[in-house]
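Atoms within a ligand are numbered from 1 in the order they appear, just like the ligands themselves.
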Amino acid sequence: MIAEKQTSSATYSQENMPDYYRPLESRTVLTGFTGGIALCRAVDYSRKIISLGAGIIPVMTRHAAKLVSPVTMAALTGKKVHMELFSLEDAASIPHIELARSADLFLVMPATANFMAKAASGLADDLLSTVLLAFEGPVLFYPSMNPSMYSNPVTESSMRRLRELGYTVVDPDQGKTACGEKGRGRLPSWPAVRQSILKAVTPQTLKGMKILVSAGPTREPLDPVRYISNRSSGRMGYAMAESAATRGADVTLVTGPVSIQAPGVRDICRVETAAQMADAVLGRSAEMDVIVMTAAVADYAPCQACDTKIKKVEDKLTVHLKKTQDILAELVNRRTRNQVIIGFCAETGDLEARTAEKIRNKGADLMVGNDVTMPGAGFDVQTNRVIVVSADGSVETLPMMDKREVAERIWYIVEKQFIRSSVD
Ligand code: CTP
């Protein structure tokens, strides 16, 4: 069931809201910590994984325990830390088999060159490597090390072998590593890690699809220091992009200037003005299967931006604005066969009628509307409450949810209507 009626008219504030986004609820993630310096960040990530609803089973190697004490690990994860393959305490059970059976997902974070070499050749000489052999679900390695160690042919061959064996090896980031050298070897950012985890547990229903998402506001310059813009935070568009990538799509994000962290998608194109957004979106549109116009594109821009700062001379200042190109309407004009085009609209009342009118006028396949005057919806909040209007006039009303969950629901609707004939 997707459609749920709005259940309550109670007023919500962001502070008293429960954490709605728990996509790992009822999943157990076995997190294997090996002895890399990125271990500290990995511990922080494991707390974030817990906040996504997952249960955690921490397993540490002997070297990891030299960098972070198992007591600290237990305190930070709130869980018993497992280290010993042969333990008198657990002598009545077979810990490596029990651990392997109780997890849905297995992460090795950070994954040292040593541990990957062991795993690639099937060595099982400690608890973590033995549980790995007994585990039958998805496994993700997060290599993190000095750039020379990372590019060493032996490490490369271990990673190649792990991939051949069906494991996922998540590429590390480029940048300054703990040893002070620059290169590839940094543990990826949390959005990229989160995305890889969600992808591992999400059916790849959009695999093979090329999807463009536009997001954020545009800025229309008045002079070199001032611009006209709007309050879009980019959150809804970024959530749409991240959710599509999690479902296996090849995602291009065209984004106006925002201050939130970029999602882990293949291609990010940063623009500023409505004209630049039009160029970026229309220039890529022909090759896309789905285009989602989440961006709050400025409808008007100054006829001419001044080259120098406008001085405070007159009591009144008149600025002449001209309409910008309607990108969504142009996308519909150029629509290629089977292309799905989705619009978003922010309204201030009469939501259903205005959204229905907009989908009719613009000719999109779906229009997602929200009323920015409603509590828990709109620009500066983490949540949204939207209606999804189809071209035939049918309306689905979603309750207030985290924007990331709204995005998941919208993709579910898109898949059901346009991509697959039946969705469970
Ligand atoms: N849009 C667009 N190009 C523009 C303005 C809007 O592609 N120049 C897209 C938005 O990205 C969104 C949809 O059109 O997907 C609806 O935006 P909205 O601003 O609500 O529509 P407008 O036609 O500008 O109507 P309004 O008069 O309500 O602003």
Heavy-atom nearest option to atom 2 (C) of ligand 1, drawn from I327, V332, V368: I327

Candidate with minimal heavy-atom separation from atom 28 (O) of ligand 1, of K362, E330, K358: K358

Indicate yes or no: does an N/O atom of [X] lie under 3.5 Å from an N/O atom of ligand 1?
{"X": "C345", "result": "no"}
{"X": "A295", "result": "yes"}
{"X": "L328", "result": "yes"}

Could you verify whether a donor N or O on one side chain and an acceptor N or O on the other, from [X] and [Y], lie under 3.5 Å apart?
{"X": "E220", "Y": "T218", "result": "yes"}
{"X": "E408", "Y": "S243", "result": "no"}
{"X": "Y412", "Y": "Q417", "result": "no"}

What are the atoms of ligand 1, with element, lying closer than 4.0 Å to any heavy atom of [X]?
{"X": "D326", "result": "2 (C), 3 (N), 4 (C), 7 (O), 8 (N)"}
{"X": "G343", "result": "15 (O)"}
{"X": "M293", "result": "7 (O), 11 (O), 12 (C), 15 (O)"}
{"X": "T324", "result": "8 (N)"}

Side chain of [X], backbone of [Y]: donor and acceptor closer than 3.5 Å?
{"X": "R47", "Y": "L76", "value": "yes"}
{"X": "N370", "Y": "V372", "value": "no"}
{"X": "R354", "Y": "G349", "value": "yes"}

Residue and atom name of the nearest protein heavy atom (relative to atom 29 (O) of ligand 1), distance in Å to one decimal: D299 OD2, 2.8 Å

Nearest protein heavy atom with distance in Å, relative to atom 13 (C) of ligand 1: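 Checked against all protein heavy atoms, atom 13 (C) of ligand 1 sits closest to F344 O, 3.3 Å.
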
Q325 to ligand 1, any heavy atom closer than 4.0 Å: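 It does, in that a heavy atom of Q325 comes within the 4.0 Å cut-off of ligand 1.
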
Heavy-atom closest pair, residues S148 and E181: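 Shortest heavy-atom contact: OG-OE1, 3.9 Å.
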
Intermediate values then yes/no, side-chain contact (heavy atoms from CB on, under 4.5 Å), M145 and R184: CA-CA 8 Å; M145 64 198 75; R184 199 167 279 286; over 6 Å; no

